[in-house]
Amino acid sequence: MPNSSYGSEFDAPGATPDGDLETQLMDTFDFTNGSLCCDSHSLSDIADQFGTPVYVYSARAFREHYAALRDAFAAIEPRLCFSIKSCHNVHILRTLLECGSSFDAVSIGEVRRALEAGAKASDIVFAGVGKTPAEIEAAVDLGVGTFNAESAAELDVIAAVANKARKNVRAALRINPDVDAKTHPHTTTGKDENKFGIEIGSSPALFQKHKDDPYLSLVGIHLHIGSPVNTVAPYVEMVTKALELVVKLKADGVNIDSINIGGGYGAEYGHQSSATPREYADAIVPLLKDSGLKVSLEPGRSISANAGILITRVVYLKESRTKQFVIVDGSMTDLIRPALYDAYHFIWPVSPAGGVAPSDRSPAYRIEGARPVDIVGPVCESSDYLGRNRFIPAVKQGDLLAVFSAGAYGAVMGSQYNTRCRAAEVLVESDGPRLIRRRETFDDIMACERNL
Ligand SMILES: *Cc1c(COP(=O)(O)O)cnc(C)c1O
């Protein structure tokens, strides 16, 4: 796909050929009889029934993406800890729990979500750079499986809490391997200058310090270098460095029994290709196969991104001298990724004029089509857009647009800015669509301010 006629957010290496789009990005969202469907349920009907903006998820896509990772890495039988923060709805966590998933939580709130979904506390890993002593106490009390610790000071708190509670606590130390994940500056985490983890060189001293703790077992290494990391090389580099550390620690009398290689596996967003689960596994599995270490992965977006889309309705059309705007009822309060990281989301009408399929966005179509449009929300910020400089079939007031690859870091980052109610969420299962989060109301928003 030539990048030149698109906006700057397209200027990424490795563009995807147009024809692959439908299979790679649309996934369980199909285009049937000129209209978009989720697992053969009409998205137009779903929007009519539940209102807009609305997130629509496919249970089948969650299951298939989970299975793809599990199968690719089968040779080392890793524990897959779904990253709750990427898509935290409790009904979705339950769907993944049924697949056998464990969970990666980054706050005590996420720990509680996983428990509410029915997960065992021992199947939850608790990560995060700033867990408060109160969160650590609560998590120890609940029996959380593993703490991924990120600093010397945090390890001291975990050890003290475990001692006081007289409870055995497992921990892994998050190592910062100083690897460049080549992702957006806001989402890279494994470089020396990032706030995450402990510099690899200074980690042995911490393992030594806690070697004989009575209740804290510091026996794991945790790594997570960024999100998304679309190529395999950074993983190979980081795992290689970590295995060298394990050998060195062993020579010094510290036994490591597990390694958590984090998340960040790419998802197809339709403008830049990403390695597949199989490609990640082919590079990573041989390194770990004979290590004797129990392996965990923390996939988020590779499971959730293309399992969900945002449906929004066109409110107004407007033209300026240089631009054509499609003003929709969805905004940065529903999907902040474009505003936050210039993220690209493929957008297409749910029932396009002339029945033009998304896979037909060929250069020829672009020339015949109208001028590029900016798809923008109603919020009072210039950064409130969902897509810029897009060539889509002509739309009119009241039409629906589908914003693809919105299942990860979409609804979870929703806000009430401009006193907007957060969107409803719908999960399409084999027996049809089901509401899994009702749309917020004005009273929901005011509840925390009234009667004070
Ligand atoms: C966010 C996060 C993940 C998941 O990242 P994805 O890109 O969604 O796979 C995994 N592990 C940790 C520690 C994280 O902070």
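One-based numbering, in listed order, for ligands and for the atoms of each.
Tyr235 has its ring centre less than 6.0 Å from the ring centre of Tyr265.
Taking the side chain as every heavy atom from C-beta outward, Val326 and Arg390 never approach each other to under 4.5 Å.
Residue Lys248 qualifies as open at atom NZ: its count of foreign heavy atoms under 6.0 Å is 12 or below.
Applying the salt bridge (Lys or Arg N to Asp or Glu O under 4.0 Å) criterion to Arg70, with sequence neighbours excluded, gives no partner residue. Residues that satisfy the salt bridge (Lys or Arg N to Asp or Glu O under 4.0 Å) test with Arg94, not counting sequence neighbours, are absent from this structure. For Asp71, the side-chain contact (heavy atoms from CB on, under 4.5 Å) partners are Ala67, not counting sequence neighbours.
Enumerated by chain and number, the residues approaching ligand 1 to less than 4.0 Å through a heavy atom are Ser83, Lys85, Asp104, Arg174, His222, His224, Ser227, Gly263, Gly264, Glu298, Pro299, Gly300, Arg301, Tyr409.
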